[in-house]
> 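Before I ask anything, let me first share the structure, which is written out below as structure tokens.
Everything numeric here is computed off the predicted structure, so don't read it as measured data.
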Amino acid sequence: MTGARGSPREQNPAYRACTYGDAAFQRHPLFSGRYRNGTDGGEREEHPGEAEKARKGKNAKGRVSHAANGQPHAADRGSREEHPGEAEKARKRKNAKGRASHAAGIGRVAFFLTYRPPMATLGEHIRQSNAYKWWILGMIMLGTFMAVLDVTVVNVGLPAIMSAFGIGISTAEWVITAYMITMTVMLPSAGWFADRFGNKRIYILGLALFTLGSWLCGKAPGDLFLIGARALQGVGSGIIQSLGLAIVTREFRPEQRGLALGLWAMAAAASISFGPLLGGYLVDAYSWHRIFDVNVPVGVFAILLALFIQKEWKSPARHPFDWRGFVAIALFMPLAIYALARGNSPTNHDGWASPTVIGCFAVAAVALAYFVRTELRSPAPLLQLRLLGERNFGVSMAVLTLFSIGMLGGTYLLPLYMQRGLGYTALTAGSVFLPVGLIQGVLSAVSGYLTRYVKPLLLAAAGILLLATSFWLASRFTLHTTHRHILFVLYIRGLGMGLTFAPLNFFSLRNLTQHDMAAAAGISNSIKQLAGSVGIAILTAVYSARTAFHAAHETVSASQTYVEGVTDALGVVTWLTLAAGLPLLWVFRKKRKKTPAGNPGAAGEAGES
């Protein structure tokens, strides 16, 4: 592919000669005359009369010189030996061959100097175009889709994995939480590596690790190997999600950022809708291994796209890596999740009073306190916790924490209810999530656009209320709940999630500088995944405890007991989701108190949130 005419590369004569042929070659003065022939005869080529006079004058001088020495001149010898016309023709033929040979040589040199592979040229053209930021947004959306897809796919395939390896819910939850733990640890760390070694290199590394982990998961011979491969997947996913939001916010101007974040959220929504359906089909038609294999070709394509399109970017600032904070968060996450999972494990006869559980909670609490203290005092922290002091960002993170516990926990419970309680196949259980993701995806883009005209917090508050309503209705599910009723509840859930994420992201980043965007993305993603991991562990504990309670106090079938345990856990999700709206109420009340009485203009300014 060639560049546009008039570009610097187009104006290169060697490039034009290679690209447009000998006509362009001849028109350029650099390759006319002596440069074209490889001799000093440029003037002879353009003015043959003057060239002939110069030649005769030169021969005359030569004759005088040779006559003085008593030797005949070469011109006299030639005139005596052959016809002058034959000599002229031979000379012209020789010059023509020289010009052709020299032109061919120049053309070959020009070709090797200017040739670029077609894909590299296409990538350069995209990087220099005005549409580059939209290409980057598409690339980031693909990576986000792949990373989030792996969570939703596994939720549907978890019952099949439990049956294949003969494990219970306490062990099976680690297939999900191992992924989320390593992802949470890498979310704040990826920013430092990207600043040091380049966003493009580290983003491609994340894609490569995720793809490799997916391939290993598909080959897992046992549950421990699968959990380890999921942990590797989580490392790659943490890099992808951490850098994705930072890259999008860096490429788009503030007035376009709301729409871009809405489209970015659409990728997550699409994975939520298509992930369960795809996972259910693969589990029913093939096996659970295929839910991981499907990531491999998508990952390879994403790597190639990033290689040829993405620009490299490095931060000019240099600061040391926060190893103390990294070790502290790496200790806190697995120990806290293990203690929550171990508390209600069937093999733990001491329950929550077990020394192992108490010890893990104690070490996790110390690690968390040390992490917070280190991050607040360090000049180059792993997570810029000081950003939580900015009102918009701090309030948004408080909302996101409670919201994520309910959202991710509910996503974990509903497929279990449908498959193990109602007897749905994996495909049928996955199909009910398809319209949910579509609704969320469309509404995410719409709500991102609406932030130009409607206060973002009003949109987010409406979304939280809708999501809490959907969980309250889900907590009333029974063994006899119809498929249509389940779909209606999930439609409300899709509306709530679509109205919440894009406005909340836009509100949280509104007052931050460009320099803080990467750090803010790390905090946001870390809190969401940390809350989701804790939420899954808490709801698994609630489900196990309530299932045991119903089994001990009621004479009902095992399916009924299972459903009652799930619905009790969904009741807890309802209250957690409602609690996510409390920080928003605090903001509304604080702004109302600060608004001067009788000053509607100030009220409008205060209501910009």
> Can you confirm whether Phe332 sits close enough to Leu530 that some side-chain heavy atom of one is under 4.5 Å from a side-chain heavy atom of the other?
yes
> So Ser508 and Asn392, side-chain contact (heavy atoms from CB on, under 4.5 Å) or not? Walk me through it.
CA-CA 5 Å; Ser508 67; Asn392 286 14; 5.9 Å; no
> Enumerate donor-acceptor pairs with a distance under 3.5 Å from any side-chain N or O in residues 381-388 to protein atoms, sequence neighbours excluded.
unit_1	atom_1	unit_2	atom_2	d
Arg386	NH2	Leu376	O	2.8
Arg386	NH2	Ser378	O	3.1

> Counting C-beta onward and ignoring hydrogens, is there a side-chain heavy-atom pair between Leu504 and Pro456 closer than 4.5 Å?
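Of all side-chain heavy-atom pairs linking Pro456 with Leu504, none is under 4.5 Å.
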> Identify the heavy atoms of Thr500 and Ala460 that sit nearest to each other, and give their distance.
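In terms of heavy atoms, the two residues are closest at OG1-O, 3.8 Å.
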> Judged by atom type as modelled, is there a donor-acceptor pair below 3.5 Å linking the side chain of Ser447 to the main-chain atoms of Gly498?
yes
> A quick test of your reading: do over 12 heavy atoms of other residues, nucleotides or ligands sit less than 6.0 Å from CH2 of Trp134?
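Atom CH2 in Trp134 is crowded, with more than 12 foreign heavy atoms closer than 6.0 Å.
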> Does atom CZ (Phe225) have a neighbourhood of more than 12 heavy atoms from anything else shown, all under 6.0 Å?
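More than 12 within 6.0 Å, yes.
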> Are there more than 12 heavy atoms of other residues, nucleotides or ligands under 6.0 Å from atom OH of Tyr281?
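Atom OH in Tyr281 is not packed in, count stays at 12 or less.
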> Could you tell me if the side chain of Leu414 sits less than 4.5 Å from the side chain of Leu490, heavy atoms only?
yes
> Sub-3.5 Å donor-acceptor pair from the side chain of Ser287 to the main-chain atoms of Val283, do we have one?
no
> Given the rule in the side chain to side chain donor-acceptor pair (under 3.5 Å) test, do Gln233 and Ser214 qualify, once you have shown the distances and angles that lead to the verdict?
CA-CA 6 Å; Gln233 259 190 319; Ser214 299; 2.7 Å; yes
> Within a strict 4.5 Å, meaning less than it, do heavy atoms of the Leu578 and Trp575 side chains meet?
yes
> Can you tell if the side chain of Tyr338 reaches within under 4.5 Å of the side chain of Phe361, non-hydrogen atoms only?
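The answer is no; the side chains never approach within 4.5 Å.
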> When you measure from the side chain of Thr211 to the backbone of Leu207, do you find a donor-acceptor pair of N or O atoms at a distance under 3.5 Å?
yes
> What is the ring orientation for Phe193 with Phe321, classed by angle as parallel under 30°, tilted 30 to 60°, or perpendicular over 60°?
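The arrangement is tilted - the two ring planes meet at 30° to 60°.
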> Before giving the answer on ring pair (Phe, Tyr, Trp, His ring centres under 6.0 Å), spell out for Tyr179 and Trp174 the whole-Å C-alpha distance, their side-chain angles and the decisive distance to 0.1 Å.
CA-CA 8 Å; Tyr179 176 87; Trp174 281 97; over 10 Å; no
> Looking at Ile247 and Asn199, what are the two nearest heavy atoms and their distance?
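The pair with the smallest heavy-atom distance is CG1-OD1, 3.9 Å.
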> Can a donor-acceptor pair be found, under 3.5 Å and without considering hydrogens, that links the side chain of Thr401 to the backbone of Met397?
yes
> Quick one: do Arg230 and Val154 satisfy side-chain contact (heavy atoms from CB on, under 4.5 Å)? Show the steps, please.
CA-CA 10 Å; Arg230 287 283 288 168; Val154 174; 3.6 Å; yes
> Might you point out which heavy atoms bring Phe507 and Ser396 nearest each other, and give the distance in Å?
CD2-OG, 3.2 Å
> Answer yes or no: is there a side-chain heavy-atom contact under 4.5 Å between Leu232 and Thr182?
no
> When you compare the side chain of Leu304 with that of Phe301, does any pair of heavy atoms fall below 4.5 Å?
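With C-beta onward as the side chain, the pair stays apart.
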> What do you reckon, are the aromatic ring centroids of Trp135 and Phe308 less than 6.0 Å apart?
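No, ring centres 6.0 Å or more apart.
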> Evaluate the side-chain contact (heavy atoms from CB on, under 4.5 Å) criterion for residues Ile464 and Leu584: first the C-alpha distance (whole Å), next the side-chain angles of each, then the deciding distance (0.1 Å), finally the verdict.
CA-CA 10 Å; Ile464 289 172; Leu584 302 184; 3.9 Å; yes
> Test side-chain contact (heavy atoms from CB on, under 4.5 Å) on Ile239 and Phe210 and set out the steps.
CA-CA 9 Å; Ile239 296 173; Phe210 184 88; over 6 Å; no
> State whether the side chain of Arg493 and the backbone N or O of Leu467 hold a donor-acceptor pair below 3.5 Å, judged by distance alone.
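Looks like no, no N/O pair under 3.5 Å.
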> So, for Gly143 and Tyr203, which heavy atoms are closest and what is the spacing to 0.1 Å?
CA-OH, 3.8 Å
> Please examine the side chains of Asp150 and Phe292, heavy atoms only from C-beta on, and report whether any two atoms are closer than 4.5 Å.
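Yes. Closest side-chain heavy atoms under 4.5 Å.
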> Restricting to non-hydrogen atoms, name the atom on Ser237 and the atom on Met183 that form the minimum distance, rounded to 0.1 Å.
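Nearest heavy atoms, Ser237 then Met183: OG-SD, 3.0 Å.
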> Supply the atom-to-atom distance Ile167 CD1 to Ile161 CD1, rounded to the nearest 0.5 angstrom.
7.5 Å
> On a heavy-atom basis, which atom in Tyr370 and which in Ala328 lie closest, and how many Å separate them?
CD2-CB, 3.9 Å
